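As the structure is a computational prediction, the values presented were derived from the model and not from experiment. In each ligand, atom 1 is the first atom listed, and ligand 1 is the first ligand listed.
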Amino acid sequence: MSAAALRAGAILTVDLDAVVANWRLLSKLAEGAECAAVVKADAYGLGAGRVGVALQAAGCRTFFVAHLEEGLELRKAIGFSSRVFVLNGTPAGTESEFLNSVLIPVVNTAGELAAWRDHAREKGRSMPVALQLDTGMSRLGLSHGDVAELAGEPMGLSGLSVELVMSHLACADAPAHPANGRQRRAFAKLRTVLPRRAASSLANSAGILLGPEFRFDLVRPGAALYGINPVPDGSNPFRQAVTLSTRVIQIREVPAGTSVGYGHARTVERQSRLATLSLGYADGWPRAANMSAFYKGQALLFAGRVSMDSIVVDATDCAKAPREGEFVSLMCREQTVDDVARAAGTIGYEILTRLGRRFARDYGRHAALAA
Ligand SMILES: *Cc1c(COP(=O)(O)O)cnc(C)c1O
């Protein structure tokens, strides 16, 4: 364990081997297509640099981030041997930064496309871009009208080297949803009027599981890499990649009738042993997720409300109770990211990306801290 981890109130242990194993499984499931990795939002909170280096070593050659800054950070970690696409476009004036760091913009609007064409003309060189098409999500990308206009305009892409044509599925996590087939057909059709040389990409994690016709040339998984189940109603073929452990900072014995925490939301009915944990909603644990902590396979139910910096759990029935200074787990085999999301009325993506900045992140295989 690192020095920071030894002092921290909580530790997020990231199992990079699990992330790599998930990427390999996705590559296999998407056989015939290149498997990229989406590492936006600091690799969904796990650490884009560490994840990027591990996946690149495993053979991943294409990465996606959302912002220019994320691309610049990723370049520092992984160097220049892989492609990096930036999904959220190019604020005006950032073109040279994209070029200098070999970041490829995903062009979403006709205005952006024109700006890149002008820039290419000015520099007298060819500029690599990806084109995003809106095939029915109504969020980002060129419309049918934009694409038709582009197809009818011989100089519409002059100076631009289109590396990728992509679109994004709105309902891939619901395999039976008719929007999936509609988007796939719309994409295939729009694709025919754009440069054939460019690779095509439609599928995110859940899209990969929809079937071979959704895979095209390149797939873009994010969630599944990090152990989130892309299809929440099914069983999860992907490995958990994070363990969240927190320190027990006080143990107390209280008599029956004692009330606990804010609002005295809970009153114990018997003499109880309570343990206070050094993690709260300020660390990204949702206040609504009233769950359990785990210690040596035993579940310790939360007693009372989640506070900003702490949570009290009931250790009365533990055959082997934790001692002050020991760690218990809040996300682990017994209680997955998706379980926490369900308890909080949200999705695993939000749980991971909101995890706090003030606890330590530890990389490697010592995920069994509290086990
Ligand atoms: C975030 C994102 C992905 C990854 O989606 P997951 O559901 O996490 O696999 C893929 N493509 C685009 C355009 C995205 O914004």
Side-chain angles (χ1 to χ4, degrees), residues 19 22-23 25-27 29-30 33-46 48 51-52 55 60 62-68 70-71 74 83-90 103-109 112 129-142 163-175 177 179-180 183-184 186-187 199-210 214-234 236-242 337-338 341 346-355:
V19 176
N22 289 338
W23 181 78
L25 175 57
L26 287 158
S27 304
L29 291 169
E34 179 186 350
C35 189
V38 178
V39 296
K40 61 190 179 189
D42 203 20
Y44 294 39
L46 276 65
V51 166
L55 288 180
C60 182
T62 301
F63 294 89
F64 288 84
V65 295
H67 294 279
L68 170 60
E70 294 178 343
L74 184 63
R83 294 189 297 177
V84 177
F85 290 96
V86 178
L87 291 165
N88 277 22
T90 52
L103 302 172
I104 307 175
V106 175
V107 168
N108 294 308
T109 72
E112 263 180 342
V129 296
L131 299 181
Q132 172 145 237
L133 314 181
D134 176 20
T135 55
M137 187 170 180
S138 309
R139 182 179 74 169
L140 272 177
L142 303 170
E163 299 237 339
L164 184 70
V165 177
M166 57 173 275
S167 189
H168 193 50
L169 295 164
C171 305
D173 59 342
H177 202 294
N180 294 320
Q183 284 198 264
R184 182 182 60 73
F187 182 64
S200 301
S201 174
L202 180 61
N204 62 341
S205 300
I208 293 168
L209 305 175
L210 288 177
F214 283 84
R215 290 170 203 152
F216 293 90
D217 302 312
L218 179 141
V219 295
R220 311 183 308 268
L225 293 171
Y226 312 117
I228 292 170
N229 190 358
V231 184
D233 296 339
N236 189 357
F238 301 100
R239 267 169 65 181
Q240 287 296 302
V242 298
V337 175
D338 291 311
T346 182
I347 52 175
Y349 298 68
E350 190 181 7
I351 299 297
L352 286 186
T353 54
R354 277 171 42 163
L355 285 177

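- By the 3.5 Å distance cut-off applied to N or O atoms, A223 is counted among the residues near ligand 1.
- Taking every heavy atom of V38 and a limit of under 4.0 angstrom, the matching atoms of ligand 1 come to 3 (C), 4 (C), 10 (C).
- Ring planes of Y44 and Y226: tilted class, angle from 30 to 60°.
- Interatomic distance, L355 CG to L46 CG, rounded to the nearest 0.5 Å: 8.0 Å.
- Nearest heavy atoms, I208 versus A30: CG2-CB, 4.1 Å.
- Note on ligand 1: A224 sits outside its first shell, no heavy atom being nearer than 4.0 Å.
- The residue among N204, L26, D173 with a heavy atom at the shortest distance from atom 5 (O) of ligand 1 is N204.
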Could you go step by step and tell me if L140 and N88 meet the side chain to side chain contact (heavy atoms under 4.5 Å, CB included) rule? CA-CA 9 Å; L140 272 177; N88 277 22; 4.2 Å; yes
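- Those atoms of ligand 1 that come under 4.0 Å of a heavy atom in M166, given as number and element, are 13 (C).
- Distances from atom 9 (O) of ligand 1 to the heavy atoms of A41, P230, S205, G348 put S205 nearest.
- For the pair S200 (side chain) and V165 (backbone), a donor-acceptor distance under 3.5 Å is absent.
- Within the 3.5 Å criterion, the main-chain N or O of R239 finds a donor-acceptor partner in the side chain of N22.
- Within the 4.0 Å heavy-atom shell around ligand 1 one finds R139.
- Of the possible donor and acceptor atoms, one in the side chain of Q183 sits under 3.5 Å from a partner among the backbone N and O of A170.
- Close contacts of ligand 1 with Y44, meaning ligand atoms under 4.0 Å from a residue heavy atom, involve 1 (C), 4 (C), 5 (O), 6 (P), 8 (O).
- The ligand atoms of ligand 1 that sit less than 4.0 angstrom from a heavy atom of K40 are 1 (C), 2 (C), 3 (C), 14 (C), 15 (O).
- Inclusion of G222 in the set of residues having an N or O under 3.5 Å from an N or O of ligand 1 is warranted.
- Between Y349 and ligand 1 there is a heavy-atom distance shorter than 4.0 Å.
- Between the side chain of E350 and the backbone N or O of A341, no donor-acceptor pair lies under 3.5 Å.
- Under the 3.5 Å distance criterion, the side-chain polar atoms of S201 are matched with a main-chain donor or acceptor of L218.
- The parts of R220 lying near ligand 1 are both backbone and side chain, judged by heavy-atom distances below 4.0 Å.
- Residue contacts with ligand 1 for P221 involve N, CA, C or O but no side-chain atom from C-beta outward (heavy atoms, distance under 4.0 Å).
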